Amino acid sequence: MAKSGPSFSCTECGAVHKKWTGRCDGCGAWNSIVEDTPLSSGPASKTLGAAKGRQIELTTLATEETPPPRSLSGVDELDRVLGGGLVPSSAILVGGDPGIGKSTLLLQAAASFARRGLSCLYVSGEEASAQVRMRAQRLGLADAPVQLAAETSLRDILTTLDAVRPDLAIIDSIQTMWADNVESAPGSVSQVRAACHELVSFAKKRGTSIILVGHVTKEGQIAGPRVVEHMVDTVLYFEGERGHQFRILRAVKNRFGPADEIGVFEMTGGGLAEVANPSALFLSDRGQASPGSAVFAGIEGTRPVLTEIQALVAPSPLGTPRRTVVGLDSGRLSTILAVLEARCGIPFAGHDVFLNVAGGMRVSEPAADLAVAAALLSAREDVALPPDMVIFGEISLSGDLRPVGQSENRLKEAEKLGFSQAIAPERSKITGGSGMRVRKMPDLTTFVGDMFAAG
Ligand code: TYD
Ligand code: MG
């Protein structure tokens with residue numbers, strides 16, 4: 001029997017429910033279930049019936065067509081994150097905390113594309129045109145041929161886009177857009193989904209590239225249904241720590257290029273400035289060697305980036321000691337603490353642990369494990385690591401050290417920045433030739449014994 005009546009689905013995992021509940025059975029998330037409102041009413045009959053459709057013409061994977069030409073903005077940090085420029089007809093979602101600089105970035109991007117001959121339309125649903133103009137003037141972009149509108153009605157925007165047919169349209173933000181065929185308030189899940197669906201379909205049909213700005217929730221995900229991230233071709237996150245001037249544009253999904261590529265910017269009085277050579281950026285202000293600090297030779301996308309991992313381990317008066325992490329995954333910290341305890345016999349149970357990546361950088365590579373462990377041990381034992389040493393390697397649950405990719409690039413960059421020794425996993429592919437003294441370690445126990453003469 002065909003199901004009728006409303007249906008509900010979870011915005012986190014997509015599980016479908018017959019009735020609304022506070023908690024999703026599928027993934028356990030709270031308050032994530034919303035009523036599904038169909039985008040169109042669909043055909044009246046419940047099943048497809050016997051009527052035949054048209055047979056679809058099938059093709060092969062081979063193609064004579066050349067890939068679509070990409071447009072470069074001239075802002076290298078942006079072009080690289082996009083996978084080598086803007087692809088025509090693509091839909092891009094840019095998420096980030098409020099005030100991080102999304103509107104600034106996209107206004108600058110629009111101006112750069114416009115100056116290179118693309119027709120660009122910037123639709124602001126949050127600010128008045130005068131506000132955007134004032135910002136453009138302050139950023140020295142007032143002369144760029146960008147067309148500007150302050151509007152939230154999706155119908156009017158689509159009509160305008162259809163008439164103007166720009167090469168690039170920027171919608172700031174998707175949460176302020178409002179479709180008159182959907183009853184709920186702007187920003188609600190069904191509105192966001194409807195607006196995204198319409199705009200992405202427009203992009204695919206009419207050859208306009210669309211950049212959508214998305215707000216993020218407290219948990220750091222783009223507000224609204226997860227399906228929005230599936231609908232678009234590229235998802236970029238604009239991140240940075242408040243109080244630091246550095247901003248990182250990170251590709252988390254890209255149908256036209258590598259994911260995990262980053263672009264680094266600096267927020268200045270005159271807008272966002274590119275940081276072309278970020279490898280040493282997050283190491284700045286390093287004083288003399290102090291306990292609890294380890295330098296991680298990381299790779300972000302295609303570039304090596306060195307970061308300082310800082311740890312503080314202090315006796316805790318609490319029954320459940322504190323674990324505070326900034327710039328790293330807290331689950332990863334728990335795992336490393338557990339491995340140190342179980343495999344090396346070094347307990348952290350009675351200690352508060354604070355872990356921090358200096359400079360406002362976020363590190364997501366598993367290759368940072370060994371540097372994290374080194375910082376923790378150095379803080380706990382109150383022994384400073386040699387200041388000219390970089391560390392990388394993934395720690396497995398057995399306590400073994402696993403080799404990580406691009407070892408030589410990491411070493412080369414570290415050498416360039418004046419480091420002279422490194423600790424790496426035993427099976428790392430290093431053919432030599434660099435002036436770095438590399439000590440290879442098979443497992444965490446060896447590392448602890450070697451570095452801290454404890455364990
Ligand atoms: P904005 O682009 O409005 O952020 P979002 O759209 O992500 O909410 O950026 C706002 C912040 O950027 C604001 O706190 C001030 C700062 N800023 C500068 O430091 N310099 C500048 O030139 C501009 C335009 C903004
Ligand atoms: Mg904004």
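This chain uses plain numbering: 1 for the first residue, then up along the sequence. The basis for the numbers below is simple: all heavy atoms, side chains too, and nothing from hydrogens, waters or symmetry mates. These numbers come from a predicted model, not from an experiment.
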Exercise. Show your working on side chain to side chain contact (heavy atoms under 4.5 Å, CB included) between Arg135 and Leu107 and close with a plain yes or no.
Key: CA-CA 9 Å; Arg135 175 181 296 169; Leu107 190 61; 3.9 Å; yes

Quiz item: Is there a side chain to side chain contact (heavy atoms under 4.5 Å, CB included) between Arg410 and Ile299 once you walk through the steps?
Solution: CA-CA 7 Å; Arg410 297 173 199 265; Ile299 299 278; 3.5 Å; yes

Could you check whether any side-chain heavy atom of [X] comes within less than 4.5 Å of a side-chain heavy atom of [Y], counting everything from C-beta outward?
X	Y	value
Leu272	Glu77	no
Leu236	Phe238	no
Met231	Arg193	yes

Determine whether more than 12 heavy atoms belonging to other residues, nucleotides or ligands lie under 6.0 Å from atom [atom1] of [X].
X	atom1	result
Lys204	NZ	yes
Lys440	NZ	yes
Leu397	CG	no

Self-check item: Step-by-step side chain to side chain contact (heavy atoms under 4.5 Å, CB included) determination, Leu118 to Leu86
Solution: CA-CA 11 Å; Leu118 257 68; Leu86 184 71; 4.1 Å; yes

Quiz item: Do the charged groups of Glu300 and Arg250 touch, with an N to O distance under 4.0 Å?
Solution: yes

Quiz item: Is the shortest side-chain N to carboxylate O distance from Lys102 to Glu126 below 4.0 Å?
Solution: no

Quiz prompt | Pairs involving residues 255-283, ordered by first then second residue, that meet salt bridge (Lys or Arg N to Asp or Glu O under 4.0 Å) (sequence neighbours left out) | solution = Arg80-Glu261, Asp233-Arg255

Quiz item: Under 3.5 Å, is there a donor-acceptor pair linking the side chains of Ser124 and Asp172?
Solution: no

Minimum-distance pair of heavy atoms, taken over all atoms of [X] and [Y]:
X	Y	value
His215	Ser173	NE2-OG, 3.5 Å
Ala374	Ala294	CB-CB, 4.2 Å
Met436	Leu411	CG-O, 3.9 Å

